[in-house]
Amino acid sequence: MNVLLKSSTALGLVLGMVAAPAMADMEAAKTFLDEEIGDVTTLPRAEQEAEMQWFVDAAQPFKDMQINVVSETITTHEYESQVLAPAFTAITGIKVTHDLIGEGDVVEKLQTQMQSGENIYDAYVNDSDLIGTHIRYGQVRNLTDWMANEGADVTSPTLDLADFIGTQFTTSPDGKLYQLPDQQFANLYWFRYDWFNDPEIMADFKEKYGYDLGVPVNWSAYEDIAEFFTGRTIDGVEVYGNMDYGKKDPSLGWRYTDAWMSMAGMGDVGEPNGLPVDEWGIRVNENSQPVGACVARGGATNSPAAVYAVDKAIKWLQEYSPPAAAGMTFSEAGPVPAQGNIAQQMFMYTTFVAPLVASDAVMNEDGTPKWRLAPSPHGVYWEDGMKVGYQDVGSWTLMNSTPEDRAKAAWLYAQFVTSKTVDVKKADIGLTFIRESTINSDHFTARKDKLGGLVEFYRSPDRVRWSPTGTNVPDYPKLAQLWWQNIGDAMSGAKTSQESLDQLCADMEKVMERLERAGIQGDLGPLLNEEQDASYWLEQPGAPKAKLENEDEEPETIAYDDLVSSWNQ
């Protein structure tokens, strides 16, 4: 879906820049500022021009160089590839090809470059979920040291790292920055605010369930609401009470590792990630060495809470979702709520807010949404202090195998597309915030009422409680592929949830055993615990947790307007 090049101004700007020779000059920069940025920025014009002048000057040694970078295909990166890359070329003379491919393909290309040493891409927008991989293998440039040394001449004086909201997720335990955030989005609860506030619907719900219809605080309430709405006809449309996806595809694994398990309560207390057991069920020791994933080694990937999480997802997919959802992937399922027949979704990646805003089916005539965003409800094993949701932080990553001159040119591009001059406009298109200054800008104060709570969430103190995969995961590419393959067996009915999770944790431990034997991850590599009877670990405090006699807790809801008021206090 291309939602970017709708305006004649943007289209003309891009065509003009593509047609023009690669000439590094301020005239191209001024044209870009006039025709694309305008006043959608936090910087006054003089500071915009000063920032652009720095790029012009810093790029001189790399003029006419052709570089290749890659990212997954989401609206933000479409804007970078289609608009910002041609602008950067016109301004700096560095010719950028910004490829857009599936996220799984990005990880595969990165893994291939790690294994072969061949420079496939000069920079990757690579999820911070791989931070544990990067710090252990030593194949990614440590940006803290690189910016102070080899990359000092191409590091912008206006970069302002303190303004980025996601650098805590791209920093290793020793305080070194390994990746620069480029886009960031959370998974939140999404619901039809108009239906939830319809007096007749509210009365019907109260009569049936005995409590008020509202934002579900826990999974029991979510399930009641899903049951209530499924099969109802509203405004001539048959409605479903849940939306999800279940195809056996790499994106199915993200569905679970992206905090579904921690929302259920599988891991330990700890922010940004559970410690010592994280949302993948991986336990680490006091030296950050992974020691197991199965309950027999102190992990939680096949624990009762994990089984509960998968069982609930399957039940809701089968009973309360459109029939086609079971055969959908992440990218196919994401835009479905924009069609107008979904009442709520537990797990909405906010990157899909952009297509929601573009849909007449879920937007009012005045440009305000019929829907709202709120924190996702939690499962029965969840407790205060645990991770409450996932936040994707797609981040610029420079491989050690990339030649230095090419890495420098790519670093210039990475800083351009994340610069303060550009960032508000980029966020306006993709709605994936990375800078505090952008979130708090006058532009988004004016626009927030049309974004359904997205701006309020990112301005709230709650924001920091949503986090990516942490440092417990020693090899993301190898372990992530095990999730979708095994969970897919449970989703299809080929195995029970317990059987698929038993196999998953065993497969994960085989990978960690190989890493331990090879010794290639040094002092942070796996050091597996000896297996013990599961009862030993289930009787210990924290994760893994013993099975509860009753997994159906008392349902609880909260009025959305009261929730937002608490954010503003």
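Sequence positions, counted from 1, serve as the residue numbers for this chain.
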> Can you check whether I67 reaches T97 side chain to side chain, under 4.5 Å on heavy atoms?
Replying inline: no
> Would a distance-only check, ignoring hydrogens and angles, find a side-chain to backbone donor-acceptor pair under 3.5 Å from R447 to D442?
Replying inline: no
> Is the distance between the ring centroids of F457 and W466 less than 6.0 Å?
Replying inline: yes
>> Looking at I282, is its backbone amide N or carbonyl O close enough to the side chain of N472 to form a donor-acceptor pair, meaning the two atoms are under 3.5 Å apart?
In response: yes
> Any side-chain heavy atom of L180 sitting closer than 4.5 Å to one from S395?
Replying inline: no
>> Between T257 (side chain only) and G253 (backbone N and O only), is there a donor and an acceptor less than 3.5 Å apart?
In response: yes
> At their closest point, which heavy atom of E404 faces which heavy atom of R141, and how far apart are they?
Replying inline: CA-NH2, 3.7 Å
> Mind checking whether Q139 and H134 have side chains closer than 4.5 Å, heavy atoms only?
Replying inline: no
>> Is it the case that atom CG in D39 sees more than 12 heavy atoms from other parts of the structure closer than 6.0 Å?
In response: no
> What residues form a side chain to side chain donor-acceptor pair (under 3.5 Å) with T171, not counting sequence neighbours?
Replying inline: none
> Going from CG on D423 to OG1 on T42, what distance comes out if it is rounded to the nearest 0.5 angstrom?
Replying inline: 7.5 Å
> Sequence neighbours excluded, which residues qualify as side chain to side chain donor-acceptor pair (under 3.5 Å) partners of D405?
Replying inline: none
>> If we ignore hydrogens and angles and just use 3.5 Å, is the side chain of T418 paired with the main-chain N or O of D182 as donor and acceptor?
In response: no
>> Using every non-hydrogen atom in the two residues, find where L479 and P474 come nearest and quote the distance to one decimal.
In response: CD1-CD, 3.7 Å
> Would you say K109 has more than 12 foreign heavy atoms packed within less than 6.0 Å of its NZ?
Replying inline: no
> In terms of the angle between their ring planes, are Y349 and Y390 parallel, tilted or perpendicular, with boundaries placed at 30° and 60°?
Replying inline: perpendicular
>> Please enumerate all residues that pass side-chain contact (heavy atoms from CB on, under 4.5 Å) together with I520, with sequence neighbours excluded.
In response: Y137, L515, A518
>> Contact between L159 and M147 at the side-chain level, heavy atoms closer than 4.5 Å - yes or no?
In response: yes
> Knowing that exactly one of F416, F55, F88 qualifies, which makes a ring pair (Phe, Tyr, Trp, His ring centres under 6.0 Å) with F32?
Replying inline: F416
> Mind checking whether W396 and Q415 have side chains closer than 4.5 Å, heavy atoms only?
Replying inline: no
> What pair of heavy atoms forms the shortest contact from V154 to L412, and how long is it?
Replying inline: O-CD2, 3.7 Å
>> Please determine whether side-chain contact (heavy atoms from CB on, under 4.5 Å) holds for the pair S71 and L100, giving the CA-CA distance in whole Å, both sets of side-chain angles, and the decisive distance to 0.1 Å.
In response: CA-CA 5 Å; S71 67; L100 302 173; 3.4 Å; yes
> Just how far is it from atom NZ of K408 to atom CG of D122, taken to the nearest 0.5 Å?
Replying inline: 14.5 Å
> Could R372 and W190 be counted as a cation-pi pair, given that NZ or CZ must be under 6.0 Å from the ring centre and within 45° of the axis?
Replying inline: no
> Does the pair K387 and E271 meet the rule for a salt bridge (charged side-chain N to carboxylate O under 4.0 Å, His left out), with working shown?
Replying inline: CA-CA 6 Å; K387 178 171 178 171; E271 297 175 0; over 6 Å; no
> When rounded to the nearest 0.5 angstrom, what is the spacing between OG in S156 and CD in E51?
Replying inline: 5.5 Å
>> Between V473 and E279, does the side-chain contact (heavy atoms from CB on, under 4.5 Å) criterion hold? Intermediate values first, please.
In response: CA-CA 10 Å; V473 181; E279 65 272 23; over 6 Å; no
> Taking D153 for the side chain and A58 for the main chain, is one N or O donor matched with an acceptor at less than 3.5 Å?
Replying inline: no
>> Let's go through E332 and Y245 carefully: what are the C-alpha distance in whole Å and the side-chain angles of both, what is the deciding distance for side-chain contact (heavy atoms from CB on, under 4.5 Å) to 0.1 Å, and is it a yes or a no?
In response: CA-CA 8 Å; E332 294 165 341; Y245 62 94; over 6 Å; no
> Between F191 and Y189, how do the two ring planes meet: parallel, tilted or perpendicular, split at 30° and 60°?
Replying inline: parallel
> Shortest non-hydrogen contact from A90 to A28?
Replying inline: O-CB, 3.5 Å
> Does R255 make a cation-pi contact with F347 (under 6.0 Å, within 45 degrees of the axis)?
Replying inline: yes
> Of all residues at least two apart in sequence or in a different chain, which pass the salt bridge (charged side-chain N to carboxylate O under 4.0 Å, His left out) check with K176?
Replying inline: D145
> Any ion pair linking R463 and E436 (charged N to carboxylate O, less than 4.0 Å)?
Replying inline: yes
> Once you round to the nearest 0.5 Å, how far does CD of Q48 lie from NZ of K420?
Replying inline: 12.5 Å
>> Once ring pair (Phe, Tyr, Trp, His ring centres under 6.0 Å) is applied, do any residues pair with H98, and if so which ones, sequence neighbours excluded?
In response: Y413
> For N149, does the CG atom have more than 12 heavy-atom neighbours from other residues, nucleotides or ligands under 6.0 Å away?
Replying inline: yes
> Which heavy-atom pair separates A333 from D244 by the least distance, and what is that distance?
Replying inline: CB-O, 3.8 Å
>> Between K426 and E80, does the salt bridge (charged side-chain N to carboxylate O under 4.0 Å, His left out) criterion hold? Intermediate values first, please.
In response: CA-CA 8 Å; K426 188 176 82 169; E80 290 169 340; 2.9 Å; yes
>> Could you walk me through whether K450 and D366 satisfy the salt bridge (charged side-chain N to carboxylate O under 4.0 Å, His left out) test, starting with their C-alpha distance in whole Å, then the side-chain angles of each, then the deciding distance to 0.1 Å, before giving a yes or no?
In response: CA-CA 9 Å; K450 297 183 178 181; D366 64 357; over 6 Å; no
>> side-chain contact (heavy atoms from CB on, under 4.5 Å), that's the test. Do I91 and V56 meet it? Break it down for me.
In response: CA-CA 6 Å; I91 292 166; V56 169; 3.7 Å; yes
>> Under 6.0 Å between ring centres: does that hold for Y476 and W280?
In response: yes
> When rounded to the nearest 0.5 angstrom, what distance separates CG in D258 from CE in M263?
Replying inline: 10.5 Å
> Is the shortest heavy-atom distance from the side chain of Q391 to the side chain of L188 under 4.5 Å?
Replying inline: no
>> Test of understanding: with side chain to side chain donor-acceptor pair (under 3.5 Å), list the residues that count as partners of T112, not counting sequence neighbours.
In response: none
> Mind checking whether W254 and F330 have ring centres under 6.0 Å apart?
Replying inline: yes
> Given the rule in the salt bridge (charged side-chain N to carboxylate O under 4.0 Å, His left out) test, do D34 and R45 qualify, once you have shown the distances and angles that lead to the verdict?
Replying inline: CA-CA 10 Å; D34 289 339; R45 179 58 181 246; 2.8 Å; yes
>> One thing to verify: whether R136 and D475 come together as a salt bridge, which I'm taking to mean a side-chain N less than 4.0 angstrom from a carboxylate O.
In response: no
> CD1 of I342 to CE of M348: how many Å apart, nearest 0.5 Å?
Replying inline: 9.0 Å
>> On a heavy-atom basis, which atom in A338 and which in S359 lie closest, and how many Å separate them?
In response: O-OG, 2.5 Å
> Are Q184 and T432 side-chain neighbours, meaning at least one heavy-atom pair lies under 4.5 Å?
Replying inline: no
>> With a 4.5 Å cut-off on side-chain heavy atoms, are T350 and L454 touching?
In response: yes
